[in-house]
Amino acid sequence: DGGITQSPKYLFRKEGQNVTLSCEQNLNHDAMYWYRQDPGQGLRLIYYSQIVNDFQKGDIAEGYSVSREKKESFPLTVTSAQKNPTAFYLCASSISSGHSYNEQFFGPGTRLTVL
Amino acid sequence: KQEVTQIPAALSVPEGENLVLNCSFTDSAIYNLQWFRQDPGKGLTSLLLIQSSQREQTSGRLNASLDKSSGRSTLYIAASQPGDSATYLCAVRSGNTPLVFGKGTRLSVIA
């Protein structure tokens, strides 16, 4: 069953902790993305990666870090430097960024809450 | 910089009505446009992808059109049902860059 999985579904973080959100895809997609969604603000791009071992900052990268060591995996770490991390985090993937038939797919999301 | 706008922000219609959701974008040099659906607390589900060379795409009761020159797309939903209630997002891709999203239209179909 092909798709994108995110874990955990719910995550609670204490002040000052780093936490890592998992994203895995078995679609053989080259490109992967992380978005943050807050009520009334729409989707905002955090980081994206078009190929293994390479990634670029999105619009709101401060306080976040990523790695892309394997094609199928793109974990996101929310560091203690992120002052307001409570949000819904969405991972996505696509074949690659540079084609007109490039359709993007999303995972089910992780809801992070700071206690 | 590409900007995507969706109007209206919210829409409420009685069951059975045909309806149109609007999406506009500022830079017409796009590779494709994608429509998504999002249910509360869930991820986004891809509904339709229109490539830049296409004028429209259809899937069941959904029809999406694209007018690149005017920077507009519409999503037509025929014979709406309560199960269509969700937020609908439009996004465009320009070259080798990530999708740029609108803020969505929240649709409520009343039985």
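Residue numbers begin at 1 in each chain, while the letters A, B, ... track the order of the sequences.
Counting heavy-atom neighbours within 6.0 Å of B/Arg106 CZ, excluding the residue itself, gives a total of 12 or less. Within 6.0 Å of NZ on A/Lys71 lie more than 12 heavy atoms contributed by other residues, nucleotides or ligands. Remark: A/Ile51 CD1 is loosely packed, at most 12 non-hydrogen atoms of other residues, nucleotides or ligands lying under 6.0 Å away. For B/Arg72, the CZ atom sits in a loose shell: 12 or fewer heavy atoms of surrounding residues, nucleotides or ligands are nearer than 6.0 Å.
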### Task
For side chain to side chain contact (heavy atoms under 4.5 Å, CB included), just list the numbers for B/Leu99 and A/Leu43, CA-CA rounded to whole Å, side-chain angles, deciding distance to a tenth of an Å, and then say yes or no.
CA-CA 10 Å; B/Leu99 285 173; A/Leu43 285 166; over 6 Å; no
### Message
Does B/Thr97 form a side chain to side chain contact (heavy atoms under 4.5 Å, CB included) with A/Gln56? I'd like the steps, not just the answer.
### Response
CA-CA 11 Å; B/Thr97 58; A/Gln56 289 79 40; over 6 Å; no
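Counting heavy-atom pairs closer than 4.5 Å to chain B, the top residue among A/Gln37, A/Arg111, A/Gln6 is A/Gln37.
If you take NZ on B/Lys1 and CG on A/Asp59, they are separated by 5.0 Å, rounding to the nearest 0.5 Å. For the atom pair CZ (A/Phe88) and CD (B/Gln38), the distance works out to 6.5 Å, reported to the nearest 0.5 Å.
The cluster map of Ile, Leu, Val, Met, Phe, Trp and Tyr, joined by side-chain heavy atoms under 4.5 Å apart, puts B/Ile77 and B/Leu33 in the same cluster. No path of Ile, Leu, Val, Met, Phe, Trp and Tyr side chains, each step under 4.5 Å between heavy atoms, connects A/Val114 with A/Leu21, placing them in separate hydrophobic clusters.
If you measure heavy-atom distances from B/Gln54 to chain A, you find no contacts under 4.5 Å at all.
The main-chain N or O of A/Gln104 is found under 3.5 Å from a side-chain atom of B/Gln34 such that the two form a donor-acceptor pair.
Taking every heavy atom of both residues into account, B/Gly43 and A/Leu90 meet most closely at CA-CD2, 3.7 Å.
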